Amino acid sequence: MDLLRSLLHRPLPTDDKYSRGVVGFITGSVAYPGAALLGIDAAMRTGVGMVRYLGPVSVGAMVLATHPEVVLQDGRCQAWVLGSGVGPEANQQTEKILEILRTDNVAVVDAGALELVNFESVQAGCVLTPHAGELSRLLERLGEGVSRAEIEANPAKYAVQAAILTKQT
């Protein structure tokens, strides 16, 4: 808890949106808008300075209906949340996810974005957040065939294995 306290502070009168942090989201889709809405709502509750959202126009409208302060355009971010609810048909989202992963960013990588990451050349520092099925597919892609049931029986073991194989968190 002391480490957490050393990293986080109460906002000061001199803080602005950039000193409090800007997080970008490339999440959600027409089929899964809740992925964007839930993640953005959680981020807003942390006291982050600003949230950016890049995704389908219809999902952006839902985001603005619940959080009108969210910015629906690309720009400077200190961290990114990528892939939750993003399907393979999301061409613009996919291109931007790949661009972010090729640069020196910090990114939470989930769901659809996990399938895009080339761990041999990724430049971003990634925190991977797969559920058991996604982790099974990821480990299979990395040459380690492990079933969802095996992962559910020993999740810590396979999380460590994925961290070692990907060199990510």
Side-chain angles (χ1 to χ4, degrees), residues 1-10 20-29 31-55 59 76-169:
M1 196 57 131
D2 290 334
L3 174 61
L4 186 58
R5 281 191 192 104
S6 73
L7 296 172
L8 301 175
H9 69 274
R10 289 186 189 273
R20 291 179 56 199
V22 179
V23 63
F25 282 79
I26 303 177
T27 58
S29 62
Y32 302 107
L37 296 169
L38 290 170
I40 289 169
D41 189 59
M44 296 303 294
R45 292 169 188 263
T46 68
V48 68
M50 182 168 71
V51 170
R52 294 182 182 278
Y53 176 70
L54 305 176
V59 178
R76 183 170 114 185
C77 293
Q78 282 90 11
W80 288 90
V81 179
L82 308 172
S84 303
V86 173
E89 75 290 341
N91 294 334
Q92 287 182 319
Q93 285 175 301
T94 298
E95 289 173 23
K96 185 63 181 176
I97 288 168
L98 290 171
E99 177 187 323
I100 290 165
L101 293 172
R102 285 191 299 263
T103 60
D104 186 23
N105 280 290
V106 174
V108 174
V109 181
D110 189 45
L114 286 166
E115 314 242 343
L116 302 174
V117 182
N118 176 347
F119 291 103
E120 308 237 339
S121 63
V122 67
Q123 295 297 307
C126 300
V127 176
L128 311 179
T129 60
H131 61 58
E134 292 164 346
L135 183 54
S136 175
R137 288 190 297 279
L138 175 62
L139 290 172
E140 177 72 33
R141 185 165 61 103
L142 298 171
E144 303 289 324
V146 180
S147 73
R148 181 184 189 127
E150 290 173 290
I151 292 168
E152 288 172 341
N154 196 346
K157 172 184 175 181
Y158 294 106
V160 170
Q161 185 177 1
I164 290 167
L165 291 171
T166 62
K167 298 179 178 66
Q168 302 293 330
T169 302

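Here the structure is a predicted model, which is why all the values come from computation and not from measurement. Basis for what follows: all heavy atoms, side chains included, without hydrogens, waters or symmetry-related copies.
- In this structure, the separation between CD on Q78 and CE on M50 is 8.5 Å, given to the nearest 0.5 Å.
- Around CZ of F119, the count of heavy atoms belonging to other residues, nucleotides or ligands within 6.0 Å exceeds 12.
- Within the structure, side chain to side chain donor-acceptor pair (under 3.5 Å) contacts touching residues 99-118 (residues at least two apart or in different chains) are S84-D110, K96-E99, T103-N105, D110-T129, E115-R137, N118-S121.
- For the pair V86/Y32, no side-chain contact is recorded, criterion being any heavy-atom separation below 4.5 Å from C-beta on.
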Note to self: Run the side chain to side chain contact (heavy atoms under 4.5 Å, CB included) test on C77 and V22 for me, step by step, so that the C-alpha distance in whole Å, both residues' side-chain angles and the decisive distance to 0.1 Å come before the verdict.
What the structure shows: CA-CA 5 Å; C77 293; V22 179; 3.9 Å; yes
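- Looking only at distances, no side-chain donor or acceptor of E150 sits under 3.5 Å from a matching main-chain atom of G145.
- Distance alone, capped at 3.5 Å, is enough to place a donor-acceptor pair between the S29 side chain and the G85 backbone.
- Using a 4.5 Å cut-off on side-chain heavy atoms (C-beta onward), I100 and I26 make contact.
- Residue G83 comes nearest to A111 through the heavy atom pair O-CB, 3.4 Å, listed as atom of the first residue, atom of the second, then distance.
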Donor-acceptor pairs under 3.5 Å, side chain of residues 155-167 to any protein atom, not counting sequence neighbours: which ones?
unit_1, atom_1, unit_2, atom_2, d
Q161, NE2, E144, OE1, 3.1
T166, OG1, A162, O, 2.7
T166, OG1, Q168, N, 3.3

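- Closest of all the heavy-atom pairs between P130 and L114 is CB-CD1, 3.4 Å.
- The side-chain contact (heavy atoms from CB on, under 4.5 Å) check on P33 picks up V59, M62, with sequence neighbours excluded.
- In terms of the side-chain contact (heavy atoms from CB on, under 4.5 Å) criterion, residue partners of T169 (sequence neighbours excluded) are, by chain and number, V127.
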What donor-acceptor contacts under 3.5 angstrom involve side-chain atoms of residues 34-44, with partners at least two apart or in another chain?
unit_1, atom_1, unit_2, atom_2, d
D41, OD1, H67, NE2, 2.8
D41, OD2, R45, NE, 2.8
D41, OD2, R45, NH2, 3.2

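- For R148, the side chain to side chain donor-acceptor pair (under 3.5 Å) partners at least two apart in sequence or on another chain are E152.
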Checklist line | Criterion side chain to side chain contact (heavy atoms under 4.5 Å, CB included) on L128 and V117, from CA distance to verdict | finding: CA-CA 10 Å; L128 311 179; V117 182; 5.6 Å; no
Next item on the list: Begin from the C-alpha positions of L116 and L82 and carry the test side chain to side chain contact (heavy atoms under 4.5 Å, CB included) through to its verdict.
Entry: CA-CA 10 Å; L116 302 174; L82 308 172; over 6 Å; no
